[in-house]
Colleague: 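Below is the structure I would like to discuss, written out as structure tokens.
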Amino acid sequence: MPAETIASEESWIIIVATQENQEKEETNAEAVKSAFGAKNRARLIARYFAEGEDTQCAAVDAWAHVYRLLLWIDQTTGLAHCYESDKSQPGKPWYGRSLAFHDWLSNALGTSPADLAHRIDWLFLRATEDLAAEVLRRAVKIEHATRQQRAPYSGRGFPKPGEDPELMTIVKDALDKYLGTPPPDEVWQRLIQQIRQYLTLENKRKNLVGEGFEDVLAEIVRRTCSASPLDVRARRLLQDIPGFNPPKKNEKPNKVDLAIVRPSMRTLVTAKWSVRADREKQFAADFGDYVQAESDGKPFEYVFVTNEFDPARLMRACEKLATNAPMFTHVVHISTDALKATYSGSKEPSMRRIVEFIDSGRLISLERWLTLLQTA
DNA sequence: AATGGCCACTTTATGGTTTC
DNA sequence: GAAACCATAAAGTGGCCATT
């Protein structure tokens with residue numbers, strides 16, 4: 001594996017970066033300062049659609065774009081992630097469902113179960129390249145300062161940054177018998193740093209999935225509905241949407257995940273890749289704020305878009321009432337086909353219930369929602 | 001086994017301050 | 001007056017744990 005090493009007499013900074021990154025950086029003169037930030041996400045999403053064949057973005061393929069861009073493989077099972085990791089371990093019920101989902105997805109994307117990993121997670125992989133480049137730039141920048149800080153203590157065997165002796169012992173003990181010659185210090189250090197980077201990388205993902213989901217949906221709506229006059233924005237202030245008052249003083253302004261404004265209707269979207277109980281409570285609180293702030297005396301839609309696979313959570317979203325009418329105008333899942341395939345081997349009533357909701361039109365697919373937006 | 005809920009994790013955005 | 005720097009709030013998610 002090619003690596004960039006910043007050598008110094010003490011050799012304590014070893015940054016791992018792929019050759020590919022380095023080349024990209026040279027051609028890509030502009031440096032990305034916030035790899036996961038709104039600006040870079042927009043740049044990457046634009047690039048994704050520019051490189052693909054489906055530039056217009058057909059409603060029927062919308063789910064595939066979302067999954068190619070955002071879905072990932074669970075490291076512990078090797079399968080496409082559709083539920084909490086601890087419940088998706090081999091032998092537990094959601095392992096079977098994860099297998100079914102993985103099977104459905106590789107088929108639907110026209111690839112094999114073994115190759116699926118390379119067909120998804122586009123956004124995270126690209127953003128991660130930018131992040132690595134930025135980390136490298138920063139390390140170079142502060143290298144001098146770090147060396148000065150350590151200078152007074154040189155020669156006294158102070159621990160080096162990023163050494164992690166415990167992790168090193170684990171690896172050493174495991175391989176001891178098989179190593180003819182003990183590897184040099186730099187090799188150890190690079191290995192340890194690579195392991196740590198690999199492990200921490202996964203934690204960063206949730207950071208990108210959240211707002212990245214909002215951005216991807218916004219872009220898909222824009223491209224799918226390019227024929228009709230509509231204004232789509234992610235994280236728009238409620239007060240900036242026509243017909244909604246600013247908050248009373250001392251109350252903090254409310255941001256809407258996705259706001260779609262058409263001549264005929266204002267649609268406020270809450271977009272959550274997945275759901276937890278605490279987030280469910282937020283739905284009703286937000287809706288209350290929206291109703292409070294409405295100033296035109298005209299109806300608006302409140303839509304929930306998600307990739308949640310838990311039937312209980314989906315059911316509550318479908319059934320939730322505000323006053324005595326359904327709170328959500330639509331409950332939208334990225335792929336109701338994926339849901340059905342994932343549940344197909346399960347006889348639990350909760351899952352049958354969801355299939356009924358799908359069949360009755362209460363829980364609709366992203367494709368269906370986009371066509372509704374196009375026609376209204 | 002399913003449910004409900006808490007919170008650790010990580011980054012960005014923002015606003016203020018300092019430096020050149 | 002731009003830039004660089006710093007501290008802090010906010011956001012969103014998945015893992016995890018206790019309870020049903």
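This structure is a prediction, so every number in the text was calculated from the model and none was measured. The sequence lines fix the lettering, A, B, ..., with proteins before strands; numbering per chain opens at 1.
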Colleague: To the side chain of A:Glu84, which of C:dC16, B:dA1, C:dG12 is closest?
Modeller: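 Selected nucleotide (nearest to the side chain): C:dC16.
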
Colleague: Measure the distance from CG on A:Leu131 to P on B:dT12 and round it to the nearest whole Å.
Modeller: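 Taking atom P of B:dT12 as the reference, CG of A:Leu131 is at 7 Å.
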
Colleague: Ignoring hydrogens and angles, are the base of C:dG15 and the side chain of A:Arg276 linked by a donor-acceptor pair under 3.5 Å?
Modeller: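 Answer is yes: a donor-acceptor pair is held.
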
Colleague: Return the 5'-most residue of the pair A:Tyr83, A:Asn203 with respect to DNA chain B, ranking by each residue's nearest nucleotide.
Modeller: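 So the residue in question is A:Tyr83.
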
Colleague: Check every strand shown and say whether A:Glu348 touches a base, only sugar-phosphate, or nothing at a heavy-atom separation below 4.0 Å.
Modeller: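 The residue A:Glu348 makes sugar-phosphate contact but no base contact.
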
Colleague: For A:Lys252, report the nucleic acid contact type (base, sugar-phosphate, nothing); a contact means any heavy atom under 4.0 Å.
Modeller: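 Sugar-phosphate: the residue A:Lys252, judged by heavy atoms under 4.0 Å, touches backbone atoms but no base.
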
Colleague: Got a second to check how far A:Lys298's NZ is from A:Met265's CE, nearest 0.5 Å?
Modeller: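 Reported value, rounded in 0.5 Å steps: 10.5 Å.
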
Colleague: Consider the side chain of A:Asp310, meaning its heavy atoms from C-beta on, and name the nucleotide among C:dG15, B:dT3, B:dT10 that approaches it most closely.
Modeller: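 Side chain of A:Asp310 sits closest to B:dT3.
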
Colleague: Expressed as a whole number of angstroms, how long is the span from A:Leu70:CG to C:dT13:C1'?
Modeller: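 It is 13 Å, rounded to the nearest whole Å.
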
Colleague: Among A:Trp122, A:Phe213, A:Tyr48, which one satisfies ring-ring contact (aromatic ring centres under 6.0 Å, His included) with A:His65?
Modeller: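 Single ring-ring contact (aromatic ring centres under 6.0 Å, His included) partner of A:His65 among A:Trp122, A:Phe213, A:Tyr48: A:Tyr48.
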
Colleague: Roughly, in whole Å, what's the span from CD in A:Glu214 to P in C:dA10?
Modeller: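 Those two atoms, CD and P, are 17 Å apart.
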
Colleague: Starting at atom NZ of A:Lys255, determine the distance to atom P of B:dA13, rounded to an integer number of angstrom.
Modeller: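 Distance check: A:Lys255 NZ to B:dA13 P gives 9 Å.
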
Colleague: Find out whether A:Lys272 and A:Glu308 are in side-chain contact, i.e. whether some heavy atom of one side chain is under 4.5 Å from a heavy atom of the other.
Modeller: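 The answer is no, as the side chains (C-beta and beyond) never meet within the 4.5 Å cut-off.
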
Colleague: Between P on B:dG4 and CG on A:Asp86, what's the gap in Å once rounded to a whole number?
Modeller: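 To the nearest whole Å, that distance equals 16 Å.
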
Colleague: Contact class for A:Glu308 vs. all strands (heavy atom < 4.0 Å): base, sugar-phosphate, or nothing?
Modeller: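 No contact.
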
Colleague: Knowing that exactly one of A:Arg43, A:Arg41, A:Lys33 qualifies, which makes a salt bridge (charged side-chain N to carboxylate O under 4.0 Å, His left out) with A:Asp130?
Modeller: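 Among the candidates, only A:Arg43 passes.
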
Colleague: In whole Å, what is the span from the CD atom of A:Gln282 to the C1' atom of C:dA10?
Modeller: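 Nearest whole value for this atom pair: 12 Å.
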
Colleague: Starting at CE of A:Met315 and ending at P of B:dG4, how long is that distance when rounded to a whole Å?
Modeller: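 To the nearest whole Å, that distance equals 8 Å.
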
Colleague: Can you work out whether A:Trp72 or A:Lys87 has the more 5'-proximal nearest nucleotide on DNA chain C?
Modeller: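 Looking at the nearest nucleotide for each, A:Trp72 comes out on the 5' side.
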
Colleague: Hey, does A:Arg316 reach any base, or is it just sugar-phosphate, or nothing, if we go heavy atoms under 4.0 Å?
Modeller: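 Contact class for A:Arg316: sugar-phosphate only.
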
Colleague: B:dT11 phosphate, OP1 or OP2: any side-chain N/O from A:Lys204 under 4.0 angstrom?
Modeller: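 Checking B:dT11 against A:Lys204, a side-chain N or O does come within under 4.0 Å of OP1 or OP2.
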
Colleague: Considering every strand and a 4.0 Å limit on heavy-atom distances, what is the contact class for A:Lys272: base, sugar-phosphate, or nothing?
Modeller: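 The residue A:Lys272 makes sugar-phosphate contact but no base contact.
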
Colleague: Expressed as a whole number of angstroms, how long is the span from A:Ile354:CD1 to B:dT3:P?
Modeller: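 Atom CD1 in A:Ile354 sits about 10 Å away from atom P in B:dT3.
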
Colleague: Name the residue closer to the 5' end of DNA chain C, choosing between A:Asp278 and A:Asn207 according to the nucleotide with the nearest heavy atom.
Modeller: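 Its nearest nucleotide being more 5', the pick is A:Asn207.
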
Colleague: Can you tell me how far CD1 of A:Ile241 sits from CZ of A:Arg233, rounded to the nearest 0.5 angstrom?
Modeller: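 Atom-to-atom, A:Arg233:CZ and A:Ile241:CD1 are 9.0 Å apart.
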
Colleague: Just N and O in the side chain of A:Lys281: are any of them under 4.0 Å from OP1 or OP2 of B:dG5?
Modeller: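 For B:dG5, OP1 or OP2 has a side-chain N or O of A:Lys281 closer than 4.0 Å.
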
Colleague: Heavy-atom nearest nucleotide on DNA chain B for A:Ala35 versus A:Ser350: which residue maps closer to 5'?
Modeller: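 Its nucleotide being nearer the 5' end, the pick is A:Ser350.
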
Colleague: Contact class for A:Arg235 vs. all strands (heavy atom < 4.0 Å): base, sugar-phosphate, or nothing?
Modeller: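 Result for A:Arg235 = nothing.
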
Colleague: Identify which one of A:Phe304, A:Phe287, A:Phe357, A:Trp369 satisfies the ring-ring contact (aromatic ring centres under 6.0 Å, His included) criterion when paired with A:Phe328.
Modeller: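 Of all the options given, the one that passes is A:Phe304.
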
Colleague: Looking for any heavy atom pair under 4.0 Å, which part of the strands does A:Asn40 touch: base, sugar-phosphate only, or nothing?
Modeller: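 Here A:Asn40 touches no strand at all.
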
